[in-house]
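To start, the structure itself, in structure tokens.
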Amino acid sequence: MAINLDKESIKETNLDSSDSCSTENEEIAVTSESLKESTQIHGWLSFFLFQTGVGGFVSAVWPLATFKLDDYGGSYILGMTDVIEGILLFILSIFAIRAFRCRKPNAVFLGISYLILCIISNLLVLCYGDFEQTGLATAPRILSSLGWGCIWLCYLHMSNQVEEVIPTDFRKSGKRDYLLVASVVAIPILFLIIGSFDVVRIQNAENEKVIQQYNEAHRNFYNDIKGKLASNQCSDGRVIFEVPQGFQCKDTVVQNSKVFDLEKENCASVTLCCDFDSDNSDENINNYWKSWEDQEAAKNKSSLVVDTKDFASKFTKSIKVKKYIVNGNAIYWRFVMLFDTRSEKVCLISAYDMGEDAYLNTLIESIQFHP
């Protein structure tokens, strides 16, 4: 039997075929609306979204509830780092939950981003060891949060239900999603950087204030005792001492501190000053000793002839004496440090002489520290 198909019949057949194919494509096309109608969020995915919401809320509330300005060096800007980070994580968690409920293509991306940021935050706390004794920031709770974060990260990648609710082919993320995640990272870092500089500024201001208070106290002390000093006494407001007989005394101001130069012709040349330091360890004393040694004198042949440290007197006394041979003559460098632990001050004496040191004992015995 011969089958005859005219041109019109063939065209109608092709049109029917085309309509059938387009109808099938429309049925296969996946949209957020179709996924909402055909899928349900339940079980572990429902628990994940619940934990994400609770975790985000706690991240926002906890830094505010436990905020202490002293923990951030007195800087509100640095303190806002944790507060802003918590609020932004809460916002990210809300976006992630909403994306899953509305079956948005970026749902899995936002969920994974939230988890990764939480994991990084907890790892930083572990690295710095900034734990609390009680509360949510204890070491066991942080380790528990890290464990749950890793579990949920694996769950989002491997779960059949997640694949059903947000199919892999349907997933995608846009510029707004990347901008949101970048903001959660960049804004706290910006506050951290600015806050760190603010802490340095506050500390410098506090140190300057303390120095001013000390200087003011010393000036007041000096003014009070200036009229009471004997003719052979001198003071910088920190210590009082008697000028040995026959010595001339001059003072200069170096870095807000008075430095006294005592000199007696053909006898000795002495430098005396006072500073704040209560560290009478051998290491600290040797550091002073090395920094005060005259570099030109050190080029000559020398030997350490005295090295004593006395704790029995009214203050800790360290005496080092070094003998130099210069052009065949002996020159002695006597370096004395007197530590007063009560006032946390140290008096330094650096003297050069030809071997006669009677003046030194007189000078040391006359020294009195201002409380």
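As the structure is a prediction and not an experimental result, all values here were calculated from the model.
Distance check, rounded to the nearest 0.5 Å: CE of Met337 to CZ of Phe339 gives 3.5 Å. The distance from atom CD of Glu263 to atom CD of Gln248, rounded to the nearest 0.5 Å, is 9.5 Å. Distance check: Asp71 CG to Thr66 OG1 gives 8.0 Å after rounding to the nearest 0.5 Å. From Arg98, atom CZ reaches atom CG of Leu110 across 10.5 Å, with rounding to the nearest 0.5 Å. Atom CD1 of Ile187 is separated from atom CD1 of Ile87 by 10.5 Å, given to the nearest 0.5 angstrom. For the atom pair CG of Asn232 and CZ of Phe247, the computed distance is 13.0 Å after rounding to the nearest 0.5 Å.
Here the two rings, on Phe57 and Trp62, have centers that are 6.0 Å apart or farther. Proximity of the aromatic rings of Phe260 and Phe241 is defined here by a centroid distance below 6.0 angstrom, and this criterion is met. Phe335 has its ring centre no less than 6.0 Å from the ring centre of Tyr288. Ring pair Phe369/Phe315: centre-to-centre distance below 6.0 Å.
The existence of a salt bridge linking Asp307 and Lys320 is confirmed by a sub-4.0 Å separation between a basic side-chain nitrogen and an acidic carboxylate oxygen. With respect to Asp277 and Lys345, no salt bridge is recorded, no charged nitrogen being found less than 4.0 Å from a carboxylate O. A salt bridge does not link Lys290 with Glu293: every distance from a Lys NZ or Arg NE/NH1/NH2 to an Asp or Glu carboxylate oxygen is 4.0 Å or more.
Between the side chains of Ser121 and Glu85, a donor-acceptor pair is found at a separation under 3.5 Å. Between the side chains of Tyr324 and Asn329, no donor N or O sits under 3.5 Å from an acceptor N or O. Looking only at atom types and distance, the side chain of Thr52 has no donor-acceptor partner in the side chain of Tyr114 under 3.5 Å away. For the 3.5 Å distance criterion, the side chains of Tyr76 and Asp198 fail to qualify, holding no donor opposite an acceptor. Side-chain contact, Asn284 with Ser281: no donor N or O sits under 3.5 Å from an acceptor N or O. No donor-acceptor contact under 3.5 angstrom links the side chains of Asn280 and Lys309, judged on distance only.
Distance alone, capped at 3.5 Å, is enough to place a donor-acceptor pair between the Asn300 side chain and the Ala297 backbone. Panel note: side chain Ser159, backbone Leu156; no donor-acceptor pair is recorded below 3.5 Å. Put simply, the side chain of Arg334 never gets that close to the backbone of Ala351: no donor and acceptor are under 3.5 Å apart. Panel note: side chain Asp177, backbone Ser173; no donor-acceptor pair is recorded below 3.5 Å. A donor-acceptor contact shorter than 3.5 Å links the side chain of Gln161 to the backbone of His42. The closest donor-acceptor contact from the side chain of Asp357 to the backbone of Leu360 lies at 3.5 Å or more, if one exists at all. For the pair Glu206 (side chain) and Gln203 (backbone), a donor-acceptor distance under 3.5 Å is absent.
Nearest heavy-atom pair across Arg171 and Ile166 is NE-O, 2.8 Å. For the pair Tyr332 and Ala330, the tightest heavy-atom approach, listed with the atom from each and the gap, is CE1-CB, 4.1 Å. In this structure, Cys150 and Ile119 approach most closely via the heavy-atom pair N-CD1, 4.0 Å. Considering all non-hydrogen atoms of both residues, Pro105 and Ser32 come closest at CD-OG, 4.3 Å. When all heavy atoms are compared, the tightest approach of Asp82 to Pro63 is O-CG, 3.7 Å. When every heavy atom of Cys249 is checked against every heavy atom of Val243, the shortest pair comes out as CB-CG2, 3.9 Å.
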Q: Could you walk me through whether Thr31 and Leu35 pass the side-chain contact (heavy atoms from CB on, under 4.5 Å) test, one step at a time?
A: CA-CA 6 Å; Thr31 63; Leu35 287 173; over 6 Å; no
Q: Please test Phe50 against Val54 for side-chain contact (heavy atoms from CB on, under 4.5 Å), starting from the C-alpha separation and ending with a verdict.
A: CA-CA 6 Å; Phe50 170 77; Val54 172; 3.7 Å; yes
Q.
With side-chain contact (heavy atoms from CB on, under 4.5 Å) as the criterion, how do Phe100 and Val108 come out once you've worked through the C-alpha distance, each side chain's angles and the decisive distance to 0.1 Å?
A. CA-CA 8 Å; Phe100 269 100; Val108 176; 4.2 Å; yes
Q. How far apart are the C-alpha atoms of Asp310 and Thr316, what are their side-chain angles, what is the distance that settles it, and do they pass the side-chain contact (heavy atoms from CB on, under 4.5 Å) test?
A. CA-CA 6 Å; Asp310 181 16; Thr316 302; over 6 Å; no
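The shortest distance between side-chain heavy atoms of Leu348 and Val336 does not fall below 4.5 Å. At a threshold of 4.5 Å between non-hydrogen side-chain atoms, the residues Leu123 and Leu146 count as touching. A 4.5 Å side-chain heavy-atom check between Asp251 and Val259 finds every atom pair outside the cut-off. In this structure the side chain of Trp148 never reaches within 4.5 angstrom of the side chain of Ser145, judged on heavy atoms. Contact check for Ile367 versus Leu338: side-chain heavy atoms found under the 4.5 Å cut-off. Residues Arg103 and Val165 have side chains in contact (heavy-atom distance under 4.5 Å, counting atoms from C-beta outward). Residues Thr168 and Glu163 are in side-chain contact: their nearest non-hydrogen atoms beyond the backbone lie under 4.5 Å apart. In this structure the side chain of Tyr359 reaches within 4.5 angstrom of the side chain of Asp353, judged on heavy atoms.
Within 6.0 Å of CH2 in Trp292 there are more than 12 heavy atoms belonging to other residues, nucleotides or ligands. The 12-atom threshold is exceeded at CG of Asn207, counting heavy atoms of other residues, nucleotides or ligands nearer than 6.0 Å. For Glu344, the CD atom sits in a loose shell: 12 or fewer heavy atoms of surrounding residues, nucleotides or ligands are nearer than 6.0 Å. Counting non-hydrogen atoms of neighbouring residues, nucleotides and ligands closer than 6.0 angstrom, the OH atom of Tyr72 exceeds 12 such neighbours. Asn204 CG: more than 12 foreign heavy atoms inside a 6.0 Å radius.
Cluster membership check: Val181 shares its hydrophobic cluster with Ile84, using side-chain heavy-atom separations under 4.5 Å among Ile, Leu, Val, Met, Phe, Trp and Tyr. At a threshold of 4.5 Å between side-chain heavy atoms, the hydrophobic network of Ile, Leu, Val, Met, Phe, Trp and Tyr places Val346 and Leu272 in two separate groups. Leu304 and Val321 fall into different hydrophobic clusters, defined by Ile, Leu, Val, Met, Phe, Trp and Tyr side-chain heavy atoms under 4.5 Å apart, directly or through other members. In this structure, Phe191 is not a member of the same hydrophobic cluster as Phe90, with clusters built from ILVMFWY side-chain heavy atoms closer than 4.5 Å. Following chains of ILVMFWY side-chain contacts shorter than 4.5 Å, one cannot reach Ile202 starting from Phe197, and the two form parts of different hydrophobic clusters.
Geometrically, Lys322 does not engage Trp333 in a cation-pi contact defined by less than 6.0 Å to the ring centre and at most 45° from the axis.
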